[in-house]
Each structure stands twice: as structure tokens, then as C-alpha cells.
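Just so we're clear, the structure is a prediction, and the values are computed from it rather than from any experiment.
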Amino acid sequence: MAGFRGLVGSNLSQKNAVAYAATTLAATMMNSIFQFYYVKVYLDLYRVTPGWFTFAQTVFMVWNAVNDPLFGWLQDHSQAAWLSNRRLNILYGAPFFVISFLVPWFPFLVGSAPMWVLGLHLTFALCFYDTMFTFVLLAQCSLFAELSPHQDDRHLLVKYSQVASLIGSTSIFFCQYVSWNATVLTQLQVFTVVVAFVSYLSLRYSATHMVPAVRRADEGMDKDCRLCPSLPCLFS
């Protein structure tokens, strides 16, 4: 990060930029593996039928179209601190985000699971993951504007995020070799648990070290400070 030090302006600390990029790192590590391997795992390892796969994808597409505006509205208008505060969105959403990432690699029933169980497992996995991905990443997108009102600072956030995204995308490379291209389920499970743990630490670091410069009048900060004393109160 030394190369970026000279780029940080007076309005955005390096800690803020790194903390913002930490969410990108976690999301990219998990999303690269999830998007690349869930189809292969369900079709080649679990042997989900085309009918159930189509059903799961249809439900997922409908839910994906609904949850983006739904969570955006809730995070903007809710009076609850854990919904209206962007950092709490990331902090409280982090454990559920990493769990949703792990769901596809651990089937409900091991061995001779009925096809309807596998189909519902796929449907649940897609919807749960998309729910938490949207919930956490919407908060990060909003923090992009709230961390600094200055264009140069926002350019810097983009640069840090691009570096984090590049690093996070290497997870698929290591996953391919560790799990033999997702053909050995146990090795895939071990690797994804490691990725989930690292991602959780990264998300927690992000949530506890970002300090927005733009204050939202509708944000329940007093309640926020009581709920999570480790987060600095923006209105102090």
C-alpha cells in the first residue's frame, strides 16, 4: 500500500480506503468461486435434473429482481439502526454472507438425497446468497458516496477496490488446484471454509474501520453506538 500513500488526499484517510476495499476483497473471493462452481457442483456432483435446475434459476431470477429495490428502500428509510447504518449492514450481514457462500458446498442430505431435496437446496442456496450479497454490497455502494464528497477521493476508492478485486479473484485459481476443479467435494469444502473465514475477517475489518464523512440525518447513530460500541460514533 506504500505506493498509494501519496495519492491519499486530506479528505480521505488511508485506513478508510483500505477498509472500503476490504469489503470488495471479501465479496470477490467468495463470488468468484460461487459463480464459477455452483453450476458444475449441482449438475456434475449432485446430479440435479434439468427441471429442478430450471425451477431454481427461475425463482432466483424473480427474487433477484425484487430484492435489489427492496433492500435499497429498507436501508434508506428504516428507523432501525442495524438497517439504516451502512457499517452495521456490513458488520451484521457478514456472518450471514459467509454462511450463504458455504451453503452450496454442503448438501442437506449426504449420499442418496431425493431429487426434490437437492432442487430445494439449490433454490435456497441461490436465493440466500443473492440476498446477503445484495444486502452487504448495497451498503458498500452507499458508503462510496458517504466516505467523502470529493471526486478525487472517490477515484482513490475505485483504485483500491480494483486492486482488492484483482487479489480476490485469485481465489478461483487456488480453488481449482486444491479441489481438482471441484471434482473432490471434501477438498472443495475445506477450501471454501478457509475462504469464508478470511472473508468474514475482511468484512469485519471493513465495518469497524470505515468512518463516513457525509452524515445522514436519518441514520440512527445514537442507537448505533449503544448497539456496537466498537464503532466510532459519527455524531460525537
Are any of the side-chain heavy atoms of [X] and [Y] separated by less than 4.5 Å?
X	Y	value
L147	D153	no
I33	F101	yes
V194	F197	no
F135	Q75	yes
L83	L88	no
L122	F53	yes

Revision key, fill the gap. Applying ring pair (Phe, Tyr, Trp, His ring centres under 6.0 Å) to W73 and not counting sequence neighbours gives H77

Check your understanding: For F36, what residues pass the ring pair (Phe, Tyr, Trp, His ring centres under 6.0 Å) criterion, not counting sequence neighbours?
Key -> none

For residues 54-61, which side-chain N or O atoms pair as donor and acceptor with protein atoms under 3.5 Å away, sequence neighbours left out?
unit_1, atom_1, unit_2, atom_2, d
T54, OG1, P50, O, 2.8
Q57, NE2, Y38, OH, 2.8
T58, OG1, T54, O, 2.8

Quick one: list whatever passes side-chain hydrogen bond (donor to acceptor under 3.5 Å, both in side chains) with [X], sequence neighbours left out.
X	result
Y37	N181
T134	D68
Y200	none
Y129	N31

Test item: [X] side-chain N/O and [Y] main-chain N/O as donor-acceptor pair under 3.5 Å:
X	Y	answer
N16	P212	no
S199	V195	yes
H121	W116	no
N64	D130	no

Practice item. Work out which heavy atom in L45 is nearest to a heavy atom in T183; give both atom names and the distance. Key: CD2-O, 4.1 Å

Anything under 3.5 Å between a donor and an acceptor, one on a side chain of residues 163-173, the other on a protein residue two or more places apart or in another chain? List them.
unit_1, atom_1, unit_2, atom_2, d
S169, OG, S165, O, 3.4
S169, OG, L166, O, 2.7
T170, OG1, I167, O, 2.5
S171, OG, M29, O, 2.9
S171, OG, G168, O, 3.0

Review point. With a 3.5 Å cut-off and no angle check, do the side chains of T24 and Q140 form a donor-acceptor pair?
Key: yes

Practice item. Mind running side-chain hydrogen bond (donor to acceptor under 3.5 Å, both in side chains) on T131 and W63 for me, showing each step along the way? Key: CA-CA 8 Å; T131 297; W63 175 239; 2.7 Å; yes

Exercise for review: Taking side chain to side chain contact (heavy atoms under 4.5 Å, CB included) as the test, write out the residues that go with A19, two or more places apart.
Suggested key: Y205, H209, M210

Practice item. State which residues pass side chain to side chain contact (heavy atoms under 4.5 Å, CB included) with F144; sequence neighbours excluded, sorted by chain then number. Key: Y20, R154, L157, V158

Check your understanding: Rounded to the nearest 0.5 Å, how far apart are OG of S84 and CD of Q79?
Key -> 7.0 Å

Name the atoms and distances for all side-chain donor-acceptor pairs under 3.5 Å in residues 184-191, with sequence neighbours left out.
unit_1, atom_1, unit_2, atom_2, d
Q187, NE2, V178, O, 2.3
Q189, NE2, W105, O, 2.8

Practice item. Any pair with a residue in residues 32-42 that passes salt bridge (Lys or Arg N to Asp or Glu O under 4.0 Å), sequence neighbours left out, goes on the list, sorted by first then second residue, please. Key: K40-D44

